[in-house]
There are 2 protein chains.
Amino acid sequence: MVICGKERYNEPMTDTRTRILDTAQELIQTRGFCAMSFQHIAEIVGIKKPSIIHHFASKFELGKAVIQRYHQYFLGAMQGIQHDPNKSNRDALEFYFTPYLDFGESGDKVCLCGALAGEFMALGPEMQAEVREFFAAHERWLEEILTAGKAAGEFRFGGTSHQLARMFLSALQGGLLVKRATGSTHQLLDVIDVIRKQVH
Amino acid sequence: MVICGKERYNEPMTDTRTRILDTAQELIQTRGFCAMSFQHIAEIVGIKKPSIIHHFASKFELGKAVIQRYHQYFLGAMQGIQHDPNKSNRDALEFYFTPYLDFGESGDKVCLCGALAGEFMALGPEMQAEVREFFAAHERWLEEILTAGKAAGEFRFGGTSHQLARMFLSALQGGLLVKRATGSTHQLLDVIDVIRKQVH
DNA sequence: GACTACCTACCAATCGTTAGGTAGATTGCA
DNA sequence: TGCAATCTACCTAACGATTGGTAGGTAGTC
């Protein structure tokens with residue numbers, strides 16, 4: 001299952017709106033929101049710059065739409081495995097690592113909202129609210145998995161699920177950022193390794 | 001001891017070059033490098049925009065100088081406490097938390113290099129090298145503290161110092177970013193709490 | 001005839017940067 | 001010591017490029 005957009009990127013039949021969203025997301029994840037321009041998107045998608053406005057009223061609106069879609073894909077997939085009776089909480093935690101690993105392997109991407117958090121004050125109130133909501137929902141999901149896993153005897157850890165969820169989320173977000181900056185592939189793998197040990 | 005610049009910000013006698021560096025650093029930490037403009041810096045410092053070029057040949061040069069100063073302040077302070085015979089490795093680790101806590105308390109700052117990591121691909125090769133070097137030196141310091149602390153019986157933990165150093169660095173960088181995005185003060189405090197528990 | 005999905009041709013604003021000038025302090029030398 | 005030359009730290013004015021965004025037109029589809 002593909003989690004975070006861009007799956008049909010090279011198919012010319014994909015509708016323009018989706019290709020704009022895909023390209024914008026990729027540019028934000030690699031270069032950041034402020035460094036992403038309509039001109040750059042238009043060149044990649046193969047349309048003219050003002051045509052983007054036909055699909056998204058403003059750059060902030062486009063940014064909002066990118067986050068909303070990302071939120072829906074990401075959390076949708078996580079909730080899917082959470083409520084799958086054939087999957088354990090440990091399965092869910094392992095599945096949770098995969099998008100981070102995908103970003104890390106795909107070269108130079110970080111989590112969309114991790115990139116946006118770095119330029120948070122320049123985003124405008126609506127995009128800020130979307131980023132905030134993503135992290136909150138994200139953290140809630142992780143906490144539920146940890147709580148359920150502990151109750152089921154799958155996980156063993158001290159402290160609260162809430163604290164540990166915050167730690168894991170922070171560590172993975174930071175791990176991706178540091179990994180890209182240092183170019184060290186193991187940065188993220190080491191973080192995940194420590195997380196695994198921390199719940200058993 | 002002040003670690004990260006800006007200490008004499010409101011004194012009019014501070015030389016212009018330092019005030020430009022202070023303002024640029026603050027703007028990068030709050031809004032990001034791409035969203036920071038010469039115009040904005042000039043207005044805050046109280047000079048005209050082209051005068052900045054007299055002190056820094058380009059925006060990338062200014063960015064490089066900001067990172068270099070930050071690196072020197074940060075790592076200098078950390079190495080100071082590392083080699084202080086009156087301070088334990090646990091003291092050093094606690095001291096290491098203070099700049100993160102300061103950023104978190106000062107409202108909406110994140111670590112300079114954490115912000116820059118989010119827009120890494122838009123920074124140009126020289127700034128990228130500075131960010132990379134900062135994280136590498138940073139991680140090395142943490143690893144040394146953990147190794148020395150374990151050898152001295154101050155810390156107890158499984159796995160390698162290297163892995164744990166990577167985890168702590170990532171978690172604190174990510175913690176600051178998520179904290180700003182969610183507005184939750186406890187985000188960073190919880191991360192630090194888990195780190196404390198993890199070495200004892 | 002209305003709607004969708006584009007286009008061309010602009011717009012004002014802002015970007016980093018350059019050119020060239022000036023006031024004042026510092027320096028080199030007779 | 002006196003004076004010219006140089007240097008420092010700014011300034012005003014403007015540069016070309018790029019930014020997000022607007023206006024208005026067109027070809028094709030429902």
Side-chain angles (χ1 to χ4, degrees), chain A residues 8-9 11-28 30-67 115-116 119 121-128 130, chain B residues 8-9 11-28 30-67 115-116 119 121-128 130:
Chain A
R8 291 162 305 179
Y9 184 66
E11 288 182 26
M13 300 313 286
T14 308
D15 70 296
T16 305
R17 187 189 155 90
T18 302
R19 274 154 60 211
I20 294 172
L21 283 169
D22 289 345
T23 305
Q25 181 179 323
E26 171 124 7
L27 287 174
I28 295 171
T30 50
R31 308 173 54 85
F33 181 74
C34 292
M36 169 195 81
S37 73
F38 278 11
Q39 186 57 49
H40 201 168
I41 295 171
E43 278 165 19
I44 294 172
V45 172
I47 55 172
K48 298 296 169 180
K49 189 175 66 163
S51 302
I52 298 172
I53 295 291
H54 174 72
H55 297 278
F56 302 96
S58 71
K59 193 182 179 184
F60 285 144
E61 283 300 315
L62 171 57
K64 215 173 81 176
V66 170
I67 308 172
L116 292 171
E119 34 190 357
M121 307 303 284
L123 297 185
E126 297 199 10
M127 283 186 68
Q128 287 181 351
E130 294 294 335
Chain B
R8 293 163 302 178
Y9 185 67
E11 288 181 25
M13 299 312 286
T14 308
D15 72 297
T16 305
R17 188 189 154 88
T18 303
R19 274 154 61 213
I20 293 172
L21 283 170
D22 290 345
T23 306
Q25 181 178 324
E26 170 124 8
L27 287 175
I28 295 171
T30 49
R31 308 174 55 84
F33 181 74
C34 292
M36 169 195 81
S37 73
F38 279 12
Q39 186 58 49
H40 201 168
I41 295 171
E43 279 164 19
I44 293 173
V45 172
I47 56 174
K48 297 296 169 180
K49 187 175 66 162
S51 302
I52 298 172
I53 296 289
H54 175 71
H55 297 277
F56 303 96
S58 71
K59 193 183 179 184
F60 285 143
E61 283 299 315
L62 172 57
K64 215 172 80 176
V66 170
I67 307 172
L116 291 171
E119 33 190 357
M121 307 302 285
L123 298 185
E126 300 201 8
M127 283 186 69
Q128 286 180 352
E130 294 293 336

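Chain letters run A, B, ... following the sequence lines, proteins first, then strands; residues in each count from 1.
- Taking only side-chain nitrogens and oxygens, B:T16 never comes nearer than 4.0 Å to OP1 or OP2 of D:dA9.
- Looking at heavy-atom distances under 4.0 Å, A:S37 makes contact with sugar-phosphate atoms alone, never a base.
- The interatomic distance linking A:K48 (NZ) with D:dA27 (P) rounds to 18 Å, in whole Å.
- The NZ atom of B:K49 sits 13 Å away from the P atom of D:dT12 (whole-angstrom rounding).
- Heavy-atom minimum distance, B:A35 versus B:R31: CB-O, 3.5 Å.
- For the pair A:K49 (side chain) and A:S37 (backbone), a donor-acceptor distance under 3.5 Å is absent.
- Taking atom CD1 of A:I20 as the reference point, atom P of D:dG21 lies 13 Å away to the nearest angstrom.
- Nucleotides of DNA chain C lying under 4.0 Å from heavy atoms of chain A occupy a range whose first and last members, 5' to 3', are C:dA5 to C:dA9.
- Minimum heavy-atom separation, A:L116 to A:L123: O-CD1, 3.5 Å.
- Here the P atom of nucleotide D:dT8 and the CZ atom of B:R17 are 13 Å apart, to the nearest Å.
- A donor-acceptor contact shorter than 3.5 Å links the side chain of B:E119 to the backbone of B:F33.
- Sequence order on DNA chain C of the closest nucleotides to B:A57 and A:P50 puts A:P50 first from the 5' end.
- Rounding to whole angstrom units, CD1 of residue A:I53 and P of D:dG20 are separated by 9 Å.
- D:dC11 atom P lies 6 Å from atom CD1 of B:I47, rounded to whole Å.
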From CA spacing to verdict: side chain to side chain contact (heavy atoms under 4.5 Å, CB included), A:L62, A:K59: CA-CA 5 Å; A:L62 171 57; A:K59 193 182 179 184; 5.5 Å; no
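- Taking atom CZ on A:F38 and atom C1' on D:dG20, their separation rounds to 6 Å, with Å as the unit.
- Closest heavy-atom contact between B:H40 and B:L27: CE1-CD2, 3.8 Å.
- Scanning both residues, B:F38 and B:S58, for their nearest heavy atoms gives CZ-C, 4.0 Å.
- Nucleotide D:dA17 holds its P atom 14 Å from the CD atom of A:Q39, rounded to whole Å.
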